[in-house]
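Working notes for the structure below.
Fair warning: this is a prediction, and the values are worked out from it, not measured in the lab.
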2 protein chains.
Amino acid sequence: MSIHANSPEGFCYQCPNRHFRFCHSLLNSGSDEFDAYAVKNKTFAAKQFLYHQGDWNQELFVLREGWVMLSRVSEDGKRQVFRSVLPGEILGFQQYLHERAIYSAIALVDSVVCKIPNIIGLCTTQPELALSLASAAARDMMLTERYLTHISHRSARERIVFMVLELYHRLRQRLLNKHYSIHFPLKQEDIADMLGLTTIHVNRTLHALKDDGLLEIHKHELTILDYDALCLLVEYEPEALVTN
Amino acid sequence: MSIHANSPEGFCYQCPNRHFRFCHSLLNSGSDEFDAYAVKNKTFAAKQFLYHQGDWNQELFVLREGWVMLSRVSEDGKRQVFRSVLPGEILGFQQYLHERAIYSAIALVDSVVCKIPNIIGLCTTQPELALSLASAAARDMMLTERYLTHISHRSARERIVFMVLELYHRLRQRLLNKHYSIHFPLKQEDIADMLGLTTIHVNRTLHALKDDGLLEIHKHELTILDYDALCLLVEYEPEALVTN
DNA sequence: AAGAAAAATTAACCTAGATTAACTTTTAAC
DNA sequence: GTTAAAAGTTAATCTAGGTTAATTTTTCTT
């Protein structure tokens, strides 16, 4: 007997992400096929890996709370950080194409993820769910394409500003900002590996940005000091960030 | 009365892409809901735009033959080339998220595209189709993420070699190579705008690659002269390129 | 609270690739 | 087949960001 996930007994009932498209699709399926009790939620401590590159992992996760970073270490030891996964976003879908994960997922802060069992099976009976999966994939695609644009053609300063603005807006969509501040667990080395810079140059540039009164990172807290100036600097269009 | 798309009368019947996942899903739906005659195929001459950035376009295309390039011009006039769309690949799904196209699609050679009408409606009744759409999105995502890795952390030479190897493998999957050669319509300026380099430096680097006996571009034909050396140079793993 | 490890910072120097400016070859148009 | 425009080529100079190396600060451990 399955309990409807929308009922107060359901684990999803009080989840702040329940209105985002993918969760919404899961919960509001016409039938009772989706059982919120079947969602195994799991807590990962900071610095714990959800999975490693090369793992044979076939699970789809939704990040309920926390901050997960996707990165890959290449043969020559260099590390590429792909992107951050923020609350309400999906991870692990890539493995349905490759049998093995091409990157590792690490929790940067204590995080809670929901493992969605048998997503393919659910999609088979719920086309709307499959479409929201496609939609989530397309959104991630867009984020990544935007990164590519802003990273391959821009200066170090612009790269950093772009990254900051994007994370800020994604968190603000989830109401996870405090005015112009966000909790920011990325180390300078993470920023460097994400943007293709050296930690030394990231450090230099962050200081310059602070001196110019644009933004500041202090004790894992990032504060935007001059929002308009930052948007102007990188032609940032917040509206391009669709909600999912 | 709809004619089953798999029948010899169907436009798809003799399409070389019919076995790729998305087309396969369209054609092999249990029902007769998908009518291959409903597919409007359209020819675009070289240099013609399929759509422009900013267009309000809600159509999903499959590229039947040719070569389409996705690019965007930013406020300051710089152009970013996102990627090439090759035969059998999908384009236009991005617009289901944004109402407007964030980039332009231009045919680099004479191209034929199939416009899939009412894809959302079809997905509603055919979950398998929605899943293959999600799968295609995830594949494109992976291509783009791979680009990101290989572009943001690598030298000009490595960037170019990576791009070449990837295009070569994608075309080879479609049997569109001639031994180690492919038809290559990208101009040096396109390569530069794709990789975040200047045309001058692309030129220099291409000459160096030719002098080193690695690869050669001549009259829109690209020839890989030393496949193994190229793969070694960028740690290229062809198997990472899933078929879709 | 002390010690060790991780992260951030600073400075000196160096190189890959940008910039500027011609010039040549190829392609397209009439 | 001529001409104009586009694409490709070459060289000289310059700079953003990399490299190396050392120091300081912060964060974990016990």
Any side-chain N or O of [X] under 4.0 Å from OP1/OP2 of [N]?
X	N	value
T198(A)	dG18(D)	yes
N203(B)	dT9(D)	yes
Q188(B)	dA6(D)	no
H207(A)	dT9(C)	yes
K219(A)	dT27(D)	yes

What orientation do F44(B) and F61(B) show, parallel under 30°, tilted 30 to 60°, or perpendicular over 60°?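 It falls in the perpendicular class, over 60°.
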Do the ring planes of H183(A) and H220(A) sit parallel (below 30°), tilted (30 to 60°) or perpendicular (above 60°)? parallel
Atom [atom1] of [X] to atom [atom2] of [N]: distance rounded to whole Å?
X	N	atom1	atom2	answer
L209(A)	dT9(C)	CG	P	13 Å
H218(B)	dT25(C)	NE2	P	14 Å
E216(A)	dA8(C)	CD	P	15 Å
D211(B)	dT9(D)	CG	P	11 Å
D193(B)	dG8(D)	CG	C1'	15 Å
E189(A)	dG18(D)	CD	P	14 Å
I160(B)	dG8(D)	CD1	C1'	14 Å
R154(B)	dG17(C)	CZ	P	13 Å

Return the angle between end axes of the helix from dA1(C)-dT30(D) to dC30(C)-dG1(D), with five pairs used per end and rounding to 10°. 70°
Separation between NE2 of H207(B) and CG of D211(B), rounded to the nearest 0.5 Å: 8.0 Å
Within the 4.5 Å heavy-atom criterion, are L215(A) and L206(A) side-chain neighbours or not?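 In short, these two side chains touch, coming nearer than 4.5 Å.
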4.5 Å side-chain heavy-atom contact, D193(A) and E189(A): yes
Hey, which of these two, R204(B) or K47(B), hits DNA chain C nearer its 5' end, going by closest nucleotide? R204(B)
Applying a 4.0 Å non-hydrogen cut-off, can you work out what S155(B) is touching in the nucleic acid: base, sugar-phosphate, or nothing?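 Here S155(B) touches the backbone only, sparing every base.
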[X] side-chain proximity, nearest of [options]:
X	options	value
A156(B)	dG17(D), dA18(C), dG17(C)	dG17(C)
L197(A)	dG18(D), dA7(C), dT9(C)	dG18(D)
K187(B)	dA12(C), dG8(D), dG17(C)	dG8(D)
I200(A)	dA7(D), dA21(D), dA21(C)	dA21(D)

Between F82(B) and H153(A), ring centroids under 6.0 Å: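 They do not qualify: ring centres at least 6.0 Å apart.
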Return yes if a side-chain donor-acceptor contact under 3.5 Å exists between S152(B) and Q80(A), otherwise no.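 Looking only at side-chain atoms, Q80(A) and S152(B) do form a donor-acceptor pair, the distance falling under 3.5 Å.
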What I want to check is whether the side chains of R146(A) and Y236(A) have a donor and an acceptor closer together than 3.5 Å.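 R146(A) vs Y236(A): donor-acceptor pair found between side chains.
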Do R157(A) side-chain and dG17(D) base share a donor-acceptor contact under 3.5 Å? no
Closest-nucleotide 5' rank along DNA chain D - winner of T199(B) and H220(A):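 Here T199(B) is the residue nearer the 5' end.
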